[in-house]
Amino acid sequence: MDTHLIGVRLKAMRVEQGLSQDDLAQLFGFKDRQTVSAIETGTRRMTATELMLAVERLGAPLEYFTDPFQLVGEGRFSWRHTGVQVDQLEDYERDAGRWIAAYRALAPQVGRDLPLMRRALGLTRNSRFEDAMAAGERFVTEFNLGEVPATGLIEVMERELGILVLMVDAQQGISGAACRLPELDTVIIQRREVEGRRNFGLAHELFHILTWDAMPPERSEEIRETGGNRVEQLANNFAAAVLMPASTLEQTAGWASLPGKDLIAQLNAVADELRVTSSALRWRLVSLGELKLAVARSLPEDALLNNGHQVVGGATPALFSRRFVEILALAIEAGYVSVRRLAALLGLAIEDMADLFVANGVARPVDL
């Protein structure tokens with residue numbers, strides 16, 4: 001049994017039920033609360049008898065304490081959404097938590113160690129918006145993301161920063177999330193949104209991952225292009241600079257001098273090239289002083305919708321990610337987990353598992 005895991009979950013259950021360590025000590029028949037504290041911190045192993053006592057008297061199934069494919073009292077999430085109720089977020093968070101926990105448990109078993117160190121941006125709530133934009137520009141330069149950073153951002157996040165990126169089919173209104181664990185960071189993105197919104201969400205959540213300790217984000221954030229609390233505004237400015245570097249935008253001159261229809265056409269064309277939304281591009285140009293605020297506000301929203309296209313284009317990314325699915329395949333091949341259990345975990349039919357591996361370009365395990 002994982003001593004640390006059981007300790008964390010015992011504490012989570014205690015807090016959820018409004019019990020003190022003294023209350024638990026009495027429940028288990030310990031002489032003092034220090035024994036409970038030692039169990040919760042993982043310095044004392046819980047015996048099988050004590051574990052069964054916890055199951056009986058706390059009313060939790062055994063899996064609550066022992067299943068490694070759950071997040072209980074560990075992960076901290078920050079969700080971006082529009083009009084989604086708290087109970088709906090909690091339901092989806094449990095699903096997402098199982099995927100993240102499975103990756104955390106299986107990756108080391110198949111020789112893919114989790115990252116040892118985290119990067120940080122060095123920004124605080126008191127940082128200026130210009131500081132966040134400068135950090136975004138530096139990020140592009142440091143990781144050689146080129147003139148269209150969106151094309152290489154996931155690769156940098158996964159390979160260079162050790163951040164797990166998951167493309168998911170979330171319920172309507174959920175755009176994405178960042179999740180912080182002691183040993184793993186994850187970004188979740190709604191894969192069926194338009195490409196520009198996916199990319200902006202990715203860069204926005206990256207900001208939260210890189211500044212979590214200095215300014216933890218709210219658990220629930222309503223999506224806004226402008227405004228919001230200061231942390232969200234900083235995140236938006238960082239994301240805009242990452243995806244739309246000033247050096248790239250400077251190659252297209254004369255924004256302020258273009259008449260309305262020409263300005264809209266140029267916004268849509270450049271947004272397509274950068275794989276962002278035209279609306280995000282106009283606010284980025286305002287922040288750079290290339291476009292007046294009044295002009296940006298005067299542009300008709302329907303002319304910028306879908307970057308001016310009648311039909312939304314672009315392919316939908318494969319479910320989850322190649323990195324995630326590779327770990328699943330290796331774990332199945334090594335016998336650490338069954339296809340049936342993973343299918344249930346992912347909410348897929350067993351016959352759909354083969355398609356999942358093919359879609360992500362991963363060789364199917366022999367069991368399939």
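- Nearest heavy-atom pair, Ala25 versus Val36, reported as atom, atom and distance to 0.1 Å: N-CG2, 3.6 Å.
- A cation-pi arrangement is absent between Arg119 and Phe139 under the rule of less than 6.0 angstrom and at most 45 degrees off the ring axis.
- Rounding to the nearest 0.5 angstrom, the gap separating the CG atom in Leu10 from the CG atom in Leu5 is 11.5 Å.
- Annotation: side chain of Leu267 is in contact with side chain of Trp255 (closest heavy-atom distance under 4.5 Å).
- For the 3.5 Å distance criterion, the side chains of Ser175 and Glu193 qualify, holding a donor opposite an acceptor.
- Looking at Arg323 and Glu155, no side-chain N of the basic residue comes within less than 4.0 Å of a carboxylate O on the acidic one, giving no salt bridge.
- Put simply, the side chain of Asn307 gets close to the backbone of Val276: a donor and an acceptor are under 3.5 Å apart.
- Here the side chain of Asn229 pairs a donor or acceptor atom with the backbone of Val231 at under 3.5 angstrom.
- Under the 30°/60° scheme for interplanar angles, the aromatic rings of Phe324 and Phe320 are found to be tilted.
- For Gln88 (side chain) and Gln85 (main-chain N/O), a donor-acceptor pair under 3.5 Å exists by modelled atom type.
- Using modelled atom types, one finds no donor on one side chain facing an acceptor on the other under 3.5 Å when comparing Gln34 with Gln21.
- In this structure, CG in Leu288 is found 4.0 Å from CZ in Arg284, a value given to the nearest 0.5 Å.
- Put simply, CD on Glu16 and CZ on Arg9 are 13.0 Å apart, with the number rounded to the nearest 0.5 Å.
- A salt bridge does not link Glu290 with Arg282: every distance from a Lys NZ or Arg NE/NH1/NH2 to an Asp or Glu carboxylate oxygen is 4.0 Å or more.
- Checked by atom type, the side-chain pair His81/Gln172 shows no donor-acceptor distance below 3.5 Å.
- Salt bridge status for Arg57 with Glu50: absent, with no side-chain N to carboxylate O gap under 4.0 Å.
- When all heavy atoms of Pro149 and Leu243 are compared, the pair lying nearest together is CD-O, 3.8 Å.
- A salt bridge between Asp22 and Lys31 is absent, with no side-chain N of the basic residue lying under 4.0 Å from a carboxylate O of the acidic one.
- Side-chain atoms of Glu221 and Ser78 form a donor-acceptor pair, as typed in the model, at a separation below 3.5 Å.
- Salt bridge absent: Asp67 and Arg98 never bring a charged side-chain N and a carboxylate O closer than 4.0 Å.
- Checked against the 6.0 Å centroid threshold, Tyr92 and Trp79 count as a close aromatic pair.
- Remark: side-chain polar atoms of Tyr64 are not paired, donor with acceptor, to backbone N or O of Val55 under 3.5 angstrom.
- For His309 and Asp272, the side-chain atoms include at least one donor-acceptor pair closer than 3.5 Å.
- Salt-bridge check for Arg322 with Glu326: passed, with a basic side-chain N closer than 4.0 Å to an acidic carboxylate O.
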Original post:
Going through the checks in order, is the side chain to side chain donor-acceptor pair (under 3.5 Å) test met by Glu74 and His4?
Top reply: CA-CA 11 Å; Glu74 300 169 275; His4 171 74; 5.0 Å; no
